[in-house]
Amino acid sequence: MAGLKDLYLIAYNLACCSGWAGVLYVALPVVFNALLTDPQSIGRALSSVYATDDLATVLFYVQTAALLEIVHAAVGLVRSPVVVTTLQVGSRIAALFAITRSPESQAQFGAGLMIISWALVEVPRYLFYVFAIISGDATKKTPFPLFWLRYSLFAVLYPTGITGELTVFLAAAKDAAFLNTYGEQYATAMYYFIMSFPVIYAPGALPMILNMAGNRRSAFKKRFAKPPPPPRGIVFPVTGTKGSEEIRSSTPTGKEIVAAAVEASNPQKAEKCRTERNWRFGYLKHLLGLVEEQCKSAQTALDVANAGMDKAYDTFQFVYPDGKAVSLREAMSKPAADKFHTGYVKGEAAKPDKVLQIPYKGKTLSGEALKAQVRKWVEYGTIEPSAGDAIIQCADSPKYLDLSDRHFVLLGAGSAMGPFLVLMALGANVVAIDLDRPGIWKRLIGIARKSPGSLTFPMKKEQAACGESDDELYASSGCNLFTQTPMIRDWLLQLYPGSKFTVGSYAYLNGAAHVQVSLAMDAICRDLTEKRKGTSLAYLCTPTDAHLIPKEAHDAATENYNAFSKKPYCILMRLLSQGKMLRKNVRAPLEGEGGPFYLVNGVSVAQGPNYILAKRLQHWRAIIARSKGCTVSSNIAPSTSTASVVQNRTFAWAYEGMPYFIPYEIFAPETSNAVMSAILLTDINDPKSPKNPKTKHANPNQLFSYNAFHGGTWRCAYEIDSIGEASVLLYFSRVAAPYAGAIAAVGAAAAAKAYGFF
């Protein structure tokens, strides 16, 4: 089937490329002749393009064929967002409809400008797609001239094309022939229909061009990226070869780890997992099946987790500098040959007041104001009551904020979502693990020096040997979680004997590297909890995962669904998407020992199976460690507008529109850091905390049901993965509202004048 799909897409793209080439073949001579004979007549030449030979017929068919691109996206033939594709193609179809039915729009310069701009964009675009399918690599194996044209022509042709489209819409709006297409009685409706497009274009054109500029930067960065270095440290196993090159694909490895975990409870489900042909987009059902299996009993939940972790340790390799490869289990079974030195910086700031402060929307909340805001979040449904209780308990317990005798090990200390800034401000003793890059350590050490806390970190050489130069100190600090995992573990095991560590896993990387770094952190956490008494663990869970939730959250989601499913906008989006958007967030309860259990599917499929596997490894370690007597502060953090997230404009637009779906709220990084740190401090101080191993749960996965600051994901009417495109549309409708209002006001004034009111 994959071969037939590729053949079809090649044929489709070649046909469209040929059609647009035909448009250029007819249109360009008209313009070139004008330029060569009488440059001042270029406007008249552009005005005559549409009427040239059979151009109108070819244009109609080749642009109408683009409707198939919506179908391709909808059925999964291509990885394009359906709504975005629909908007892009739909605007073209609207312009085609206008120019086809309006003689006045055909005979003005913008018609030719639009047609030639479209054709000049589409010929290289479709040809690029053909080479991308044939080569199997759109970024690096397509011919560079074609690659350059694909990602560069928009800078000129998008503005000219949009200008041409606007002139077509405006000319059609004045053309009686167009307005009376369906009879004089519909002329007013046709006018407002066609004038709605300039209103939409006004706010939408610039973001579209900026988005293409971002895509260009990303594509060129990937095209000219340096070849990856030889494998070192924790790596995926070899899954195949391509010529003399070893292939280390994440797909078969991730699939096998999930299958091994499921197999501990249900061999039939494991086999279905192994035979899944579309793992990239089909992994979700297997993840949900895994969680369902864990709900059978507490022991089954642990069996599944242990089986998954065992498979990961036996499958992943650790490659030494000399190229020797062993399993991760073997690499972590013995001490490292080398050792780190220890760096230390003591802050100079005065001891802080023991007052919990949360930055929120330009204010710093504390005391009663903070408690009032927490209660509002709980009442609205943005956070669970247990999370509200934990934050208020921290605010009411000054002793929780005395961190002078506590050590926090932060794996990925510089992470945007980590608690480094909050802990340093509270005077904690932080042991920082982060990459050996001078810029990172300049920032971390600079913050530490201005704080009331202390910073301990691994170094390549003695701190005293760095002399008085801070630059040398920065250059000698840090480590690599991937390649120096055993060394980091050894260093932490001997550091500050007798002190109790809270070890937080906060490092994040994109794609398959996220699995590698998650496993590296796990190897360190595993050995510290087993070999260093009193160690506790801390994780930040993502709301975009599958979690067991309280019945109250399940009931609230049901209530919200009953309300939102009646809203016209939601009904329309469901109809247009044939049920793919705005999917019900409520699932049937799962039966098992201690059940029923309530499951929320917060997974965003686009994040990919590597992201979910990385987070699942943390889930497994959390419940395994807690079953052995370890306190585990593993809590769901909210969707947060970090720089790495909002640099993707689609995510940024979606975040702007998501609060429409009650009870969503998107939080700023400083707020998320502060609230999650407050919950962490309650977890490790309160012996009655649901994170304490002495607190009993019917199922180990209920560890994640408590203290969740999920931002609304659990109680929303719809699954988070089904509201993104609807949220983007809401954002743009809000942006366009002032323009629509202005157009409406002008229209009302014109109508009033026409009817003689003034």
Donor-acceptor contact below 3.5 Å, side chain [X] vs main chain [Y]:
| X | Y | answer |
| --- | --- | --- |
| Ser47 | Phe109 | yes |
| Thr671 | Pro359 | yes |
| Tyr12 | Leu7 | no |
| Tyr151 | Leu146 | no |
| Arg223 | Thr139 | yes |
| Ser105 | Ser102 | yes |
| Asn673 | Pro669 | yes |
| Thr64 | Tyr61 | no |
| Asp175 | Ala177 | yes |
| Thr52 | Ser48 | yes |

Calculate, to the nearest 0.5 Å, the distance between atoms [atom1] and [atom2] belonging to [X] and [Y] respectively.
| X | Y | atom1 | atom2 | value |
| --- | --- | --- | --- | --- |
| Tyr201 | Leu206 | OH | CG | 15.0 Å |
| Glu656 | Ile666 | CD | CD1 | 9.0 Å |
| Leu127 | Thr142 | CG | OG1 | 10.0 Å |
| Leu157 | Trp118 | CG | CH2 | 13.0 Å |
| Tyr718 | Met573 | OH | CE | 11.0 Å |
| Glu670 | Lys361 | CD | NZ | 12.5 Å |

Would you indicate whether the side-chain heavy atoms of [Y] and [X] approach each other to under 4.5 Å?
| X | Y | result |
| --- | --- | --- |
| Leu35 | Ile42 | yes |
| Tyr664 | Tyr655 | no |
| Leu582 | Ile723 | yes |
| Leu67 | Val71 | no |
| Ile209 | Pro159 | yes |
| Pro81 | Glu725 | yes |
| Val31 | Leu46 | yes |
| Gln106 | Val168 | no |

- Mind running side-chain contact (heavy atoms from CB on, under 4.5 Å) on Val78 and Tyr129 for me, showing each step along the way? CA-CA 11 Å; Val78 296; Tyr129 290 156; over 6 Å; no

Heavy-atom closest contact ([X] atom, [Y] atom, distance):
| X | Y | value |
| --- | --- | --- |
| Ala111 | Ile99 | CB-CD1, 3.6 Å |
| Thr642 | Ala416 | CG2-CB, 4.2 Å |
| Met114 | Ala95 | SD-CB, 3.9 Å |
| Ala27 | Leu55 | CB-CD1, 3.8 Å |

- What class does the angle between the rings of Tyr283 and Trp279 fall in, given that below 30° is parallel, 30 to 60° is tilted and above 60° is perpendicular?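 Ring orientation, 0 to 90° scale: tilted.
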
- Item | Plane angle bin for Phe220 and Phe147 - parallel if under 30°, tilted between 30 and 60°, otherwise perpendicular |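 Phe147 and Phe220: tilted rings.
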
Hydrogens and angles aside, do [X] and [Y] bring a side-chain donor and acceptor to less than 3.5 Å of each other?
| X | Y | value |
| --- | --- | --- |
| Glu69 | Thr85 | no |
| Tyr186 | Thr181 | no |
| Asn510 | Tyr508 | yes |
| Gln607 | Thr544 | yes |

When you look at [atom1] of [X], are more than 12 heavy atoms from neighbouring residues, nucleotides or ligands closer to it than 6.0 Å?
| X | atom1 | value |
| --- | --- | --- |
| Asn278 | CG | yes |
| Lys140 | NZ | yes |
| Tyr380 | OH | yes |
| Lys285 | NZ | yes |
| Gln185 | CD | yes |
| Phe32 | CZ | no |

Given the side-chain rings of [X] and [Y], with only the six-membered ring counted for Trp, is the space between their centroids under 6.0 Å?
| X | Y | value |
| --- | --- | --- |
| Tyr8 | His72 | yes |
| Phe131 | Tyr126 | no |
| Phe667 | Phe709 | yes |
| Tyr660 | Phe564 | yes |
| Tyr360 | Trp377 | yes |

- Between Asn215 and Met212, is a side-chain contact (heavy atoms from CB on, under 4.5 Å) present by the stated rule, with each step listed? CA-CA 5 Å; Asn215 292 342; Met212 278 300 299; 3.9 Å; yes

- Under the side chain to side chain donor-acceptor pair (under 3.5 Å) rule, what do Gln108 and Thr167 come out as? Steps first, then yes or no, please. CA-CA 8 Å; Gln108 47 89 33; Thr167 65; 3.2 Å; yes

- Of Ile720, Val586, Asn585, which meets side chain to side chain contact (heavy atoms under 4.5 Å, CB included) against Val600?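 By the side chain to side chain contact (heavy atoms under 4.5 Å, CB included) criterion, Val600 pairs with just one of Ile720, Val586, Asn585: Asn585.
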
- Is there a side-chain contact (heavy atoms from CB on, under 4.5 Å) between Trp20 and Tyr25 once you walk through the steps? CA-CA 9 Å; Trp20 284 110; Tyr25 180 79; over 6 Å; no

- Message: Going by salt bridge (charged side-chain N to carboxylate O under 4.0 Å, His left out), Glu719 matches just one of Lys580, Arg583, Lys584. Which one?
- Response: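 It is Arg583, the one option of Lys580, Arg583, Lys584 that forms the salt bridge (charged side-chain N to carboxylate O under 4.0 Å, His left out) with Glu719.
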
- Query: Can you name the residues that form a salt bridge (Lys or Arg N to Asp or Glu O under 4.0 Å) with Asp38, not counting sequence neighbours?
  - Reply: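 For Asp38, the residues satisfying salt bridge (Lys or Arg N to Asp or Glu O under 4.0 Å) (neighbours in sequence not counted) are Arg44.
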
- May I have the step-by-step check of side-chain contact (heavy atoms from CB on, under 4.5 Å) for Arg587 and Asn601, ending in yes or no? CA-CA 8 Å; Arg587 304 174 71 87; Asn601 172 24; 4.0 Å; yes

- Message: Whether Lys376 and Glu379 form a salt bridge (side-chain N of Lys/Arg under 4.0 Å from carboxylate O of Asp/Glu) is what I want to check.
- Response: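 No, Glu379 and Lys376 are not salt-bridged.
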
